[in-house]
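All values derive from a computational prediction rather than experimental measurement.
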Amino acid sequence: MSSGLQLVPITPQKHDPAWKHCQMFKNGDRVQLKCLYCHKLFKGGGIHRIKEHLAGHKGNASTCHSVPPEVQIIMQESLDGVTMKKKKRQKLDEEMTNVNAMTGEVDAISNHMDMDSSLQLIEVAEPLETSSALLMNHEEGTSNKLGRKRGSKGKSSCVERGMIVIPNGGGILDSNKVNNQVHMAVGRFLYDIGASLEAVNSAYFQPMIESIVSAATGIIPPSYHDIRGWILKNSVEEVRSDFDRCKATWGKTGCSVMVDQWRTEAGRTMLIFLVYCPEGTVFLESVDASGIMDSPDLLYELLKKVVEQVGVKHVLQVITRCEENYAIAGRKLSDTYPTLYWTPCAASCVDLILGDFGNIESVNTVIEQARSITRFVYNNSMVLNMVRRYTYGNDILEPCATRSATNFATLNRMVDLKRCLQTMVTSQEWMDSTYSKRPGGLEMLDLISSESFWSSCNSIIRLTNPLLRVLRIVGSGKRPAMGYVYAAMYNAKLAIKTELVDRERYMVYWNIIDQRWGQQWHHPLHAAGFYLNPKFFYSIEGGEMHGEIVSGMFDCIERLVSDTKIQDKIIKEINSYKNAVGDLGRKMAIRARETLLPAEWWSTYASSCPCLSRLAIRILSQTCSSVGLKQNQILFDKLHDTRNHIEHQRLSDLVFVRFNLQLKQMAAKANEHYQVDPLSFDGLGIVDDWVWRRDLCAEDYGNLEWTVLDNPPSGSTRLLPLHNDCDDLVAGFDDLEVFKRQRESEDDNIS
């Protein structure tokens, strides 16, 4: 890089998505942009040229051959959006021609306001957004169509002053002022009722606003009795319809009963029962289990009742937490119903593994060092603003669903942002600041400048990233996890062995995994999911599947298929699967092993194996973990404190609607990613150790005024893996030590 180039931080005010994929340099008075992927330097053309470069447009810029496909698509969509805006502007100009007469009338009104007090003219300082069909702006050419040239003398019309004319006697409004008034009204409402401020992220918030707007003026808000009366009744019917739609698929795909446990503010232990299938997850009911948690027998009776309510023939597994009382009740349940399994929640097990990893002294030391950085940053508004500027709007803290996952995801995030942080602490801006000379600032400088610290971070994330991937796979709403969980954990153990090499070192971590994952590692459903996933099955050299996996597959056949004649047919059809007979061996089917979901692959290509195909679809359509819902203890306490039967039923229906809407929203947002503010009140419990410490030095507290914090830029996105977690799982599975904790040479000696 030329020594004359000076890196310039990209400010949060730059909202174009292309800014996240380039760097800005200053060479004298000239600004130059550099692509982050191919490192090409552009001496002119601005951000639009970078966008064309990343999108692969030829002409104004050369094509970037290193850009990830996801980024290329985003850039193309952004360019398409610019084209659409031009078309909308042309359409708008045509519409403007039709309001010339109205414009003349409005000018007359502006000269004689005292003649009609029902209209008020509000001058707009800035051009309005192009979302209104009757928007007037200052762009060149638009005013000519309205019969008045820009810059003409005399009194300008409200059209030229950027005003919205509302037809049908609606008057003239300043959209910016109206927006501010609406936003303030929403804010006051949320503050008054004490609702979570994350309510504005609800999938139902924007439709509510649009519905109110479409009704125009004069709308009568629903009353208290409306909300708890006919509106709730209609909502129950809508949600019940979605519930029945999911239920209709249980016969084909089977389903999993999931049990989540909460503790309310009143001290109750609530069990939340959900039912999962690929069509969607539904809330079934909640039960106050405070008096039965210490009794596995009573817990068994409750689980038995729920299974019968769902339908024994539909249920393949009941997923609960890993505690001993659940294990006893679950095993007794599977003895009672030999066609289903009890399964400990995979996500809970992985989280316990990560927690144990974090307690290892060498790992904990690095986590505490990283926390010293975040505690200083997130307790000083000006430093936090500076960090966000230098990291292009990203936070250095990565909140996840649990504390353990947050620890290692944050280490990974900090490593990703290492160069940005090093640029900041060596900048003149940082060195001139008073914060750099405080104890916390000096410690932060030492750590960010220490290659030993970063080397330790890299080593830890190479050990834990595969486990975070397991956590994402088993908790994913994108695809059923059953076909991937066995391979994901194999990959995690193999990654640890590859990183540490020395058996004595990696066995420290393997022992933790085997202790927490023991029941999962030998679970027949997990083994059968691996066996029936064509991506993995056909990747094994020589086709010799490990005996433990084959045994798990046979166990599933005997347990899930009660008819012995169909069992025998499945065994015969397995040979066709092994040899890829008929449609299973088509070139399309071979390509689809990598691209289709496993259950879809069986549904598409396995018509010659109808019995095996039905079983495969049912197994591969299952999840491995319980879904974590947002807790609402107050609602549950009210429900179970209410003794009146009518009101109890109403509250029960309210709970039914609330949680099924939340589950539907979670499914709709499964492919979306949101930047979470680590200082958000709703997430502070998860990140508490990273933003606060009892003995934090008073000198390290800087400006604590939240009002000076810059809002995260709307165009900023979280740093995310570019590939699908399931697609990244390596094939082969030939390391016997991973399966049996016994090296191949030892196995040969035994035989």
Met424 and Thr391: side-chain contact (heavy atoms from CB on, under 4.5 Å), yes or no, with the steps?
CA-CA 9 Å; Met424 188 194 83; Thr391 58; over 6 Å; no
Can you list the steps and then say if His48 with Leu79 is a side-chain contact (heavy atoms from CB on, under 4.5 Å)?
CA-CA 9 Å; His48 187 76; Leu79 289 171; 3.5 Å; yes
Check this for me: [X], atom [atom1], are more than 12 non-hydrogen atoms of other residues, nucleotides or ligands nearer than 6.0 Å?
{"X": "Tyr191", "atom1": "OH", "answer": "no"}
{"X": "Lys418", "atom1": "NZ", "answer": "yes"}
{"X": "Phe205", "atom1": "CZ", "answer": "yes"}
{"X": "Ile220", "atom1": "CD1", "answer": "no"}

Can you list the steps and then say if Arg371 with Asn407 is a side chain to side chain donor-acceptor pair (under 3.5 Å)?
CA-CA 9 Å; Arg371 284 173 176 168; Asn407 291 341; 3.1 Å; yes
Any donor and acceptor pair, going by atom type alone, linking the side chain of [X] with main-chain N or O of [Y] inside 3.5 Å?
{"X": "Gln317", "Y": "Thr623", "value": "yes"}
{"X": "Asn379", "Y": "Val691", "value": "yes"}
{"X": "Ser241", "Y": "Glu237", "value": "no"}
{"X": "Asn380", "Y": "Val383", "value": "yes"}
{"X": "Ser211", "Y": "Pro207", "value": "no"}

Would you call Phe408 and Phe357 a side-chain contact if the rule is heavy atoms closer than 4.5 Å?
yes
Is there a side-chain contact between Val239 and Lys664, using heavy atoms and a 4.5 Å cut-off?
no
Could you go through Gln76 and Gln72, starting from their C-alpha distance and side-chain angles, then the distance that decides it, and tell me whether this counts as side chain to side chain donor-acceptor pair (under 3.5 Å)?
CA-CA 6 Å; Gln76 182 59 57; Gln72 188 175 36; over 6 Å; no
Of all residues at least two apart in sequence or in a different chain, which pass the side chain to side chain contact (heavy atoms under 4.5 Å, CB included) check with Ile448?
Ile373, Leu421, Gln422, Val425, Met444, Trp454
Does the pair Asn465 and Leu468 meet the rule for a side-chain contact (heavy atoms from CB on, under 4.5 Å), with working shown?
CA-CA 5 Å; Asn465 272 356; Leu468 289 176; 3.7 Å; yes
May I have the step-by-step check of side-chain contact (heavy atoms from CB on, under 4.5 Å) for Trp250 and Val275, ending in yes or no?
CA-CA 10 Å; Trp250 295 349; Val275 184; 3.4 Å; yes
Side chain to side chain donor-acceptor pair (under 3.5 Å) for Arg268 and Ser290? Distances and angles first, verdict last.
CA-CA 6 Å; Arg268 288 187 174 92; Ser290 304; 5.6 Å; no
To check you understand the geometry: which heavy-atom pair defines the closest contact between Ser256 and Gln622, and what is its length?
OG-OE1, 2.6 Å
Minimal non-hydrogen separation, Ala488 against Val470, with atom names:
O-CG2, 3.5 Å
Would you call Arg650 and Glu647 a salt bridge, using N to O less than 4.0 angstrom?
yes
Salt bridge Arg375-Glu368, side-chain N to carboxylate O under 4.0 Å:
yes
Cut-off 3.5 Å, side chains only: do Glu238 and Asn234 have a donor facing an acceptor?
no
Enter the distance from Leu467:CG to Arg472:CZ here, rounded to the nearest 0.5 Å.
10.5 Å
With rounding to the nearest 0.5 Å, note down the distance linking OG1 in Thr320 to CZ in Phe273.
10.0 Å
Compute the ring centroids of Phe659 and Trp262, then answer whether they are less than 6.0 Å apart.
yes
Starting from the C-alpha separation in whole Å, work towards a yes-or-no answer on side chain to side chain donor-acceptor pair (under 3.5 Å) for Ser626 and Asp260.
CA-CA 7 Å; Ser626 185; Asp260 196 11; 4.8 Å; no
